[in-house]
Amino acid sequence: MSPFCRFATAVLLCALGASHVGAQPLNTPAPSIYSCTDAKGRRITSDRPIPECHDREHRLLNADGSLRNILPPAMTPTERAEKEARELQAAQARANQQEATRRQRNLVLRFPTQAAHDAARNMALDDVQQSIRISQRRLTTLAQERLVLDKEAAELAGKNLPLKLRQQINANDAAAQAQKDLVQSQTQESARLTGLFDAELAVLKRLWAGEAPGSTGGEPARVR
């Protein structure tokens, strides 16, 4: 290529490059102007938030002086803590609502009819009642054994009871008390389960009637 051609080519490329650059849009953000009136009544403007007006609203202006936005005063530490507490409480409420919805959907899938729920109730309570019956039978046996021990002790009235007999009486008393405690505990468990099943059934009846899951309140926790 001759020197003239190389020069002409370079000129053409420069012209094309300049045209391309000139056609690029300018993405420079529009400047912001902050304006406020401080505690002394002075009007202050700046290109950034104004420290003297941290507790006052800022007017955010465009370059031509028109109003773009109004920024509220900065929150105090107490206000910020209260806002965070409200947001945390609202987030917890949303999480609780979502959990209630999920659990109630599972509940109505698990128990599509009252017959299914009644069967689960009977199964749970039967286990408890069976434990109570076993303890009651054991108490009957211990009472019979105690009659024999008491008879032996009566025959030795006025004498020191042998060590073995005293140990047998003490063991019988301890075993009987343990069974009584177990019966009391299982009776309380039966009442607790009955209350849970009753509350659960109340929720299910509303769900079966067509209420949306999550709108009937929290479904009681179940302990298996």
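Taking all atoms of both residues into account, the shortest heavy-atom contact from P112 to W208 is O-NE1, 3.3 Å. Scanning all heavy atoms of the two residues, the minimum distance from L165 to L156 falls at CD2-CD1, 4.2 Å. Smallest separation of non-hydrogen atoms from R80 and M75: NH2-O, 3.1 Å. Contact between S135 and L182 at its shortest, heavy atoms only, is OG-CD2, 3.1 Å. For the pair A176 and L139, the tightest heavy-atom approach, listed with the atom from each and the gap, is O-CD2, 3.4 Å.
In this structure, the separation between CG on D150 and CD1 on I169 is 6.0 Å, given to the nearest 0.5 Å.
Contact of the E152 side chain with the V148 side chain is registered, since non-hydrogen atoms from C-beta on lie closer than 4.5 Å. Counting heavy atoms from C-beta outward, L61 and T45 have side chains that stay 4.5 Å or more apart. Counting heavy atoms from C-beta outward, T37 and R56 have side chains that stay 4.5 Å or more apart.
Of the candidates H117, K205, Q104, H117 is the only one forming a side-chain hydrogen bond (donor to acceptor under 3.5 Å, both in side chains) with E200. Just one residue in the list D198, L196, L193, D126 forms a side chain to side chain contact (heavy atoms under 4.5 Å, CB included) with R121, and that residue is D198.
Crowding of R48 atom CZ: a count of heavy atoms from other residues, nucleotides or ligands under 6.0 Å not exceeding 12. Around atom CG of N160, no more than 12 heavy atoms belonging to other residues, nucleotides or ligands sit under 6.0 Å away. Taking a 6.0 Å sphere around CZ of R59, one finds it holds 12 or fewer heavy atoms contributed by other residues, nucleotides or ligands. Within a 6.0 Å sphere centred on CD of Q89, heavy atoms belonging to other residues, nucleotides or ligands number 12 at most.
Q186 is linked by a side chain to side chain donor-acceptor pair (under 3.5 Å) to nothing, counting only residues two or more places apart in sequence or in another chain.
Judged by distance alone, the side chains of Q130 and R133 do bring a donor and an acceptor atom under 3.5 Å apart. N96 and Q92 are linked by a side-chain donor-acceptor pair at a separation below 3.5 angstrom, with hydrogens and angles left out of the test. Looking at Q177 and D181, their side chains do bring a donor and an acceptor atom within 3.5 Å of each other.
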**Message:** salt bridge (charged side-chain N to carboxylate O under 4.0 Å, His left out), that's the test. Do K83 and E87 meet it? Break it down for me.
**Reply:** CA-CA 6 Å; K83 179 175 181 291; E87 291 174 346; 2.4 Å; yes
